[in-house]
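These values consider heavy atoms only, across backbone and side chains, with no hydrogens, waters or symmetry-generated copies.
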Amino acid sequence: MHKPSRAVEFRFLAEPTDVNFGGKVHGGVVMKWIDQAAYACAAGWSGKYCITVSVGAIRFVRPVLVGNLVTVEAKVVHTGNSSMHIYVSVKATDPKLSNPLETNHCIITFIAVDADGDKVLVEAWEPKTKLDKRLQQYAINMRDLSIEAEAKLNNS
Ligand SMILES: CC(=O)SCCNC(=O)CCNC(=O)[C@H](O)C(C)(C)COP(=O)(O)OP(=O)(O)OC[C@H]1O[C@@H](n2cnc3c(N)ncnc32)[C@H](O)[C@@H]1OP(=O)(O)O
């Protein structure tokens with residue numbers, strides 16, 4: 001029987017092939033890490049194949065450098081019917097210094113689907129700590145803003 005798992009963490013070194021023209025890690029590479037960690041988190045929570053619906057509020061706080069030890073933490077912060085809203089935080093450090101600083105964060109939403117690609121219900125997640133309650137509200141706000149802004153664009 002599937003036991004929902006709330007969080008995943010990836011740890012690896014940023015490689016020379018991840019570099020952009022400015023010598024830092026490419027933003028698109030960071031977004032791929034975020035998508036992969038959030039997918040693993042959503043699949044672990046639902047026990048199903050999951051599809052990305054939306055990526056919101058992605059923030060680039062500081063650059064990731066080639067050779068940095070990167071940690072990508074993804075955790076469920078809200079669930080709906082079929083949707084799972086995942087908060088992802090990326091941290092990086094020179095592995096010799098072991099002083100991880102946040103480089104990125106975002107909210108990414110997945111839905112769980114069955115073998116036919118149809119939406120399926122997911123188990124509800126309930127926040128317990130103050131931080132989790134704040135993150136849940138943040139995820140709800142981001143979803144509402146995104147849906148409202150898209151509706152305004154389509155109706156204008
Ligand atoms: C693993 C991968 O990388 S998959 C590849 C990338 N993803 C894709 O190609 C997906 C392409 N998109 C699609 O196929 C469709 O848009 C779908 C299947 C994702 C959603 O289709 P719809 O049925 O129109 O979505 P619907 O409006 O019912 O919303 C589904 C859920 O997403 C939520 N949602 C919709 N828009 C947003 C948004 N902007 N932000 C957050 N959540 C949203 C809804 O609230 C709903 O949640 P609930 O089930 O918990 O109530």
* Asked: Can you list the steps and then say if Tyr138 with Ile107 is a side-chain contact (heavy atoms from CB on, under 4.5 Å)?
  -> CA-CA 9 Å; Tyr138 182 60; Ile107 288 279; 3.7 Å; yes
* So if you build clusters from Ile, Leu, Val, Met, Phe, Trp, Tyr with side-chain heavy-atom gaps below 4.5 Å, do Tyr39 and Val122 land together? -> yes
* Residues in salt bridge (Lys or Arg N to Asp or Glu O under 4.0 Å) contact with Lys96, at least two apart in sequence or another chain -> Asp94
* Verify same cluster id: Trp45, Val120 (apolar side-chain graph, 4.5 Å) -> no
* To do: Enumerate the residue pairs fulfilling salt bridge (charged side-chain N to carboxylate O under 4.0 Å, His left out) with a member in residues 67-78, sequence neighbours excluded, ordered by first and then second residue.
  => Glu73-Lys91
* To do: Output every pair passing salt bridge (charged side-chain N to carboxylate O under 4.0 Å, His left out) with a member in residues 145-154, not counting sequence neighbours, ordered by first then second residue.
  => Glu148-Lys152
Residues 23-35 side chain polar contacts: donor-acceptor under 3.5 Å, at least two apart:
residue: His26; atom: ND1; partner: Gly28; partner atom: N; Å: 3.1
residue: Asp35; atom: OD1; partner: Thr52; partner atom: OG1; Å: 3.4

* Asked: Does some side-chain heavy atom of Val55 sit less than 4.5 Å from a side-chain heavy atom of Thr109?
  -> no
* Cluster check Ile58, Met142: I/L/V/M/F/W/Y, side chain < 4.5 angstrom -> no
Give every donor-acceptor pair under 3.5 Å between a side-chain atom in residues 5-12 and any protein atom, sequence neighbours left out.
residue: Arg6; atom: NE; partner: Val76; partner atom: O; Å: 2.8
residue: Arg6; atom: NH1; partner: Asp132; partner atom: OD2; Å: 3.2
residue: Arg6; atom: NH2; partner: Val76; partner atom: O; Å: 3.0
residue: Arg6; atom: NH2; partner: Asp132; partner atom: OD1; Å: 3.0
residue: Arg11; atom: NE; partner: Thr71; partner atom: OG1; Å: 3.3

* To do: Kindly work out whether a path of hydrophobic side-chain contacts (I/L/V/M/F/W/Y, heavy atoms less than 4.5 Å apart) joins Ile111 to Ile140.
  => no
Please tabulate, for side-chain N and O atoms in residues 97-105, each donor-acceptor pair with protein atoms closer than 3.5 Å (sequence neighbours left out).
residue: Glu102; atom: OE2; partner: Ser89; partner atom: OG; Å: 2.9
residue: Thr103; atom: OG1; partner: Val90; partner atom: O; Å: 3.2
residue: Asn104; atom: ND2; partner: Arg59; partner atom: O; Å: 3.4

* To do: Answer yes if the ring centres of Phe110 and Tyr49 are under 6.0 angstrom apart, and no otherwise.
  => no
* Asked: Can you tell if the side chain of Met84 reaches within under 4.5 Å of the side chain of Cys50, non-hydrogen atoms only?
  -> yes
* **Transitive ILVMFWY side-chain link Trp125 to Tyr87, under 4.5 Å** => no
